[in-house]
Amino acid sequence: MSDEQINVADFERAAAAKLEPGVLGYFAGGAGDESTLRDNVAAWGRWQLRPRMLTGTAEWSARTEVLGAQLSMPVLVAPVAFQRLVDPEGEAAMARAAATAGTAMCLSTLATALPGEVAAAAPGGHHWFQLYCFSDEGVTTALMESAVDSGFEAIVVTVDAPRAGNRERDFRTGFALPEGLGVPSVQAALGADREVTVQEAFSLVDPGLSWPDLEGLASRCEVPVLVKGVLTGEDASLAVEHGAAGVVVSNHGGRQLDRVAPTADSLEEVVDAVAGRAPVLVDGGIRRGVDVAIALALGADAVLVGRPALWGLAVGGERGAQRVLEILRAELELTLLLCGCASPGALTRAHVQRAPAATVYSG
Ligand SMILES: Cc1cc2nc3c(=O)[nH]c(=O)nc-3n(C[C@H](O)[C@H](O)[C@H](O)COP(=O)(O)O)c2cc1C
């Protein structure tokens, strides 16, 4: 890491130069033609801000509360698998970065560290656990309980990945986890005494999961359960009706079903359908503080970033991930001030408008 990296795009370029092709393809890639992957980023640029002047905003802050947690900003770290592929400290370093930056980190089921290890690495941090539901309910329950017992504050059930998407970059590079890098949570929950491959872990995920199953899980869980991977108002309503304490508008960073709408374009219908009954979070393609501001203006309570934090970790370890998060916070704070808003909650639908069709903003 050097002083040359002053924005997320700088970190992305530096990570691309550093990582070997198979690993880079795994983290950067998406499904199919990668249309949704690209559009996730582009879609935020199809909105413009409508700043207000002379609002008397002499003090401003990005601080916010999400599910009872006081955070320095409405930007959380999304669950991203196998972080030790880019840094020897992996998820532990990411958790420390998030805690130092004052925000929450969501640990993947496919993490290369156990929830207990992450909690110990960043005591006092806010930790959420992303859960894949396995066909064997006992495995799912063991995963959930291990996170809750380690002090994790929320469970985020990912519903858009009954199987892994068609990630052609990985086929081309022949990407496989190096020996010695496993998914200890899944191994422990399965009671396996050997490493579990990515394909194997996905093959055990329950493709037949239904809303009543989700409701059962939420009722058994001692902490709030969010549903991640919702793209329609219909599913957002069903999630809330079946016990979800929050909804994450997400297309898995364009890695699952290609040609779905970018999340920037799905957000409003979800916000309208949820109608204030639960917090709405969104991820996918957030690369700038202005993207965060647009998401908040469209009704999100917070956003998550996947690849940006990962690029930080790859380039500069814990300090790199922390720096990326701090860049996003500084950009958001400046955007708030320049929009005349004292807090994230002050951004409203009146602060954004559609950009003319020919407008393309890109980093
Ligand atoms: C390499 C990689 C691995 C991911 N692993 C998981 C995962 O294990 N569980 C999950 O729910 N989402 C996973 N995601 C999706 C992220 O949580 C998030 O939805 C996505 O990265 C957001 O898009 P962004 O990378 O453009 O910020 C992964 C994303 C990437 C890039």
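Atoms within each ligand, like the ligands themselves, are counted from 1 in listed order. Numbers for residues simply follow the sequence, beginning at 1.
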Hey, which atoms in ligand 1 end up nearer than 4.0 Å to a heavy atom of [X]?
| X | value |
| --- | --- |
| R307 | 23 (O), 24 (P), 25 (O), 26 (O), 27 (O), 31 (C) |
| S250 | 19 (O) |
| T158 | 10 (C), 11 (O) |
| G284 | 22 (C), 23 (O), 26 (O) |
| F27 | 1 (C), 31 (C) |
| G306 | 21 (O), 24 (P), 25 (O), 27 (O) |
| S108 | 7 (C), 8 (O) |
| R287 | 24 (P), 26 (O), 27 (O) |

Exercise. Contact between Y132 and ligand 1, counting heavy atoms under 4.0 Å?
Worked result: yes
Exercise. Would you call K228 and V157 a side-chain contact if the rule is heavy atoms closer than 4.5 Å?
Worked result: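 Side-chain contact under 4.5 Å: no.
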For this session: Compare all side-chain heavy atoms of P51 with those of L338 and state whether any distance is below 4.5 angstrom.
Result: no
Problem set entry | Identity and separation of the nearest protein heavy atom to atom 12 (N) of ligand 1 | K228 NZ, 3.0 Å
Problem set entry | Identity and distance of the protein heavy atom lying nearest atom 13 (C) of ligand 1 |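 Here the nearest protein heavy atom works out to P79 O, 3.0 Å.
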Can an N or O of [X] be found at a distance shorter than 3.5 Å from an N or O of ligand 1?
| X | answer |
| --- | --- |
| Y26 | no |
| A81 | yes |
| V80 | no |
| R255 | no |
| A78 | no |

Minimum heavy-atom separation for [X] and [Y], please, with both atom names.
| X | Y | answer |
| --- | --- | --- |
| E318 | A93 | CG-O, 3.6 Å |
| P207 | P162 | CA-CB, 3.8 Å |
| P115 | S146 | CG-OG, 3.5 Å |

For this session: Determine whether the side chain, the backbone, both or neither of H252 has a heavy atom under 4.0 Å from any heavy atom of ligand 1.
Result: both
Exercise. For F82 and F27, what are the C-alpha separation, side-chain angles and deciding distance, and is it a ring-ring contact (aromatic ring centres under 6.0 Å, His included)?
Worked result: CA-CA 10 Å; F82 314 133; F27 285 102; 7.9 Å; no
Exercise. When N251 is tested against each of N40, T36, T263 for side chain to side chain donor-acceptor pair (under 3.5 Å), which residue passes?
Worked result: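 Checked N40, T36, T263 against N251; only one passes side chain to side chain donor-acceptor pair (under 3.5 Å): N40.
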Problem set entry | Exceeds 12 heavy-atom contacts within 6.0 angstrom, atom CD of E137 | no
For this session: Give a yes or no on whether R63 atom CZ has more than 12 heavy-atom contacts from other residues, nucleotides or ligands under 6.0 Å away.
Result: yes
Exercise. Checking R354 against W47: charged group under 6.0 Å from the ring centre and within 45 degrees of the axis?
Worked result: yes
Exercise. Using 30° and 60° as the class limits, which term best fits the ring planes of Y26 and F175: parallel, tilted or perpendicular?
Worked result: parallel
